[in-house]
Amino acid sequence: MYSEKVLDHFRNPRNVGKIENPDGVGKVGNPVCGDVMVMYLKIKEDVIEDARFETFGCGAAIATSSMATELIKGKTIEEARQISNNAVAEALDGLPPVKMHCSVLAEEGIKAAIEDYLQKKKEQ
Amino acid sequence: MIYLDYNATTPCDKRVVEAMLPFFQEKFGNPSSLYYLGQEAKNAIEETRERIARFIGARKEEIIFTSGGTEANNLAIRGTIEALKKKGNHLITSSIEHHSVLKVFQSLEKEGFEVTYLPVNDAGQLDPDTLQKSIRPSTILISIMQANNETGVIEPIKELASLAQTKGIVFHTDAVQTMGKIPIKVKDLGVSLLSASAHKFYGPKGIGFLYLRKGTPLSPQIRGGEHERRKRAGTENVPAIVGMGKATEIAAGEMEAETKKVETLRNTLEEGLLSTIPEIEVVSQKAPRLFNTSLILVKDVEGESMLLNLDFEGIEVSSGSACTSGSLEPSHVLLACGYPHEIAHGSIRFSLGKFNTAEEINQVLEVFPKIVEKLRKISPFGKSEVH
Ligand code: FES
């Protein structure tokens with residue numbers, strides 16, 4: 001039921017783990033099935049230098065988290081904020097319809113981490 | 001491939017397939033036809049009826065062939081209610097039934113019946129006292145499964161059914177997970193109705209039966225010809241019925257030896273997993289359980305991700321995680337046992353059968369701990385900083 005790309009990112013997820021002293025952290029939960037994702041960002045001059053994740057969830061949740069980190073690395077925060085869950089799913093050659101909601105976790109994870117970064121920046 | 005999902009379905013025994021083959025092309029007659037070919041088929045299905053009846057301690061005319069366990073459950077419940085609805089409108093079942101029972105009761109609720117869903121304790125067992133308290137003068141049917149497909153827990157059907165019997169209430173049990181696995185004697189259990197399915201005990205898919213105790217009222221749900229003593233119309237699935245007969249014959253002869261073998265493998269698996277993987281739990285380990293089933297809860301890891309990783313290694317199992325369910329709801333059985341959603345999320349079910357070997361179990365013990373370790377590394381849980 002999953003595409004080759006989904007299986008690949010699930011089997012060998014890229015950028016797993018935490019970042020020491022991250023510039024932004026986003027923790028989001030999936031209200032549909034109860035899964036959780038944490039996104040960590042290293043940001044320099046509004047450009048995402050590094051992105052890592054930790055996910056508790058299904059194959060699609062892990063694969064979309066992995067793909068999301070790949071997509072945002074090197075992007076400005078403005079560009080990263082534009083990435084939709086559909087874009088993440090498309091980059092993985094699609095998801096089964098019942099699994100589309102899992103990609104929302106990835107989109108929201110990115111947005112929450114950037115929000116956190118902007119918040120911290122304001123406070124400084 | 002290492003198949004460990006026998007509670008979902010089993011491969012056909014070779015002898016079952018051999019017994020079925022002549023009934024496709026040579027002995028293809030319609031059992032309702034009066035000439036030789038028809039009577040040959042008729043005799044074959046009657047032989048199966050006899051064999052199944054003997055196996056469960058029933059009479060031949062008390063066995064109704066159906067298209068499987070789901071139809072048998074639907075027929076038992078809807079058929080009884082249609083026949084008895086003038087006597088009352090209260091029904092009792094449990095919160096851990098298979099969907100082929102639960103969904104029928106849910107639809108009956110919409111039609112105006114009152115349904116009590118009995119709770120279970122944290123080991124997944126029903127309490128006869130709770131049933132006793134739920135019985136009302138208007139209760140017309142009680143339906144409780146004999147063993148649960150997810151946990152393997154065996155319910156005290158004899159005690160439960162005797163409560164129904166003293167009040168003259170029809171008692172149905174879904175024996176889909178027990179038929180061919182443990183000895184069943186309907187008189188001893190005291191049930192009026194019992195459902196079973198052939199593909200759970202090395203028979204073909206698409207065939208099952210309903211035991212209907214003589215004198216128990218039942219309205220047919222499929223109408224047409226005079227088949228099955230007018231309780232279930234439709235030309236009999238002769239090859240499948242013959243296959244189910246053969247599977248029953250094999251079970252009668254070999255069940256005991258297999259039970260010992262499979263139980264040993266299951267216990268080796270559980271002990272191995274418990275000793276190598278931290279923070280896991282075997283559900284209902286202390287309760288009376290089917291010898292082949294092991295439902296494991298792995299903390300901080302989601303079930304589908306374990307299932308897929310096992311599949312990469314050629315090991316086939318199932319999970320009660322919300323992510324695997326299609327409806328995105330976690331196992332209703334684990335929730336009924338009082339486990340929270342997050343814990344139910346990390347469930348993985350191993351169900352073994354007679355074709356499994358010690359090498360296969362060793363292989364699982366080799367790879368599964370590594371899979372859990374890998375997934376725990378990806379998980380944000382179990383690491384104090386983020387909680
Ligand atoms: S995260 Fe639960 S279904 Fe994908």
Side-chain angles (χ1 to χ4, degrees), chain A residues 1-4 6-22 25-40 52-66 68-69 95-106 109 112-113 116, chain B residues 279-280 297-332 334-335 339-348 367-368 370-387:
Chain A
M1 78 177 207
Y2 285 132
S3 72
E4 286 296 318
V6 173
L7 290 175
D8 174 42
H9 274 263
F10 169 65
R11 221 170 164 157
N12 311 297
R14 332 298 198 243
N15 311 311
V16 173
K18 293 190 210 319
I19 291 176
E20 292 290 318
N21 309 315
V25 180
K27 182 176 177 182
V28 289
N30 190 330
V32 183
C33 58
D35 295 334
V36 175
M37 174 194 184
V38 187
M39 173 78 80
Y40 303 87
R52 295 189 173 271
F53 79 93
E54 290 177 322
T55 292
F56 167 79
C58 74
I62 291 174
T64 48
S65 305
S66 165
T69 56
L95 286 171
V98 66
K99 293 289 183 181
M100 273 311 285
H101 73 273
C102 317
S103 60
V104 174
L105 210 59
D116 180 53
Chain B
E279 299 205 82
I280 63 167
L297 298 176
V298 182
K299 207 167 164 272
D300 302 331
V301 184
E302 187 280 324
E304 188 199 275
S305 59
M306 289 189 273
L307 186 154
L308 287 173
N309 271 292
L310 283 165
D311 190 28
F312 292 148
E313 304 289 336
I315 299 166
E316 322 222 271
V317 301
S318 65
S319 166
S321 161
C323 303
T324 58
S325 72
S327 65
L328 296 172
E329 271 159 37
S331 148
H332 66 284
L334 283 167
L335 296 184
Y339 290 102
H341 191 139
E342 326 77 88
I343 301 290
H345 228 71
S347 83
I348 200 101
V367 305
F368 191 55
K370 290 182 197 146
I371 289 172
V372 173
E373 209 189 308
K374 175 183 165 189
L375 291 170
R376 278 184 174 159
K377 274 196 191 128
I378 301 176
S379 170
F381 300 136
K383 303 161 194 159
S384 47
E385 305 102 276
V386 190
H387 256 264

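Scope of the values below: all heavy atoms of this structure, side chains included, with no hydrogens, waters or symmetry mates. Order of the sequence lines fixes the chain letters, A, B, ..., with proteins taken first and strands second; residue numbering starts at 1 for each chain. Treat the numbers as computed from the prediction; the structure is a model and nothing was measured.
Counting heavy-atom pairs under 4.5 Å between each of A:Pro96, A:Ser65, A:Gly57 and chain B puts A:Gly57 at the top. Of the listed residues (B:Ala322, B:Cys323, B:Ser319), the one with the most heavy-atom contacts under 4.5 Å to chain A is B:Cys323.
Residue B:Glu329 does not touch chain A at all, counting heavy-atom pairs closer than 4.5 Å. Neither the backbone nor the side chain of A:Ala61 comes within contact range of chain B; no heavy atom of the residue lies under 4.5 Å from a heavy atom of that chain. Looking at A:Val98, both its backbone and its side chain come within 4.5 Å of chain B, counting heavy atoms on both sides.
When atom types are taken as modelled, the side chain of A:Ser66 and the backbone of A:Arg14 share a donor-acceptor pair closer than 3.5 angstrom. The main-chain N or O of B:Leu375 is never found under 3.5 Å from a side-chain atom of B:Ser379 such that the two would form a donor-acceptor pair.
Side chains of B:Ser321 and B:Glu302: a donor on one and an acceptor on the other come within 3.5 Å.
A salt bridge is defined here as a Lys NZ or Arg NE, NH1 or NH2 lying under 4.0 Å from an Asp or Glu carboxylate O, and A:Lys99 with B:Glu304 meets this definition.
Using a 4.5 Å heavy-atom cutoff, the side chains of B:Leu310 and B:Ile348 are in contact.
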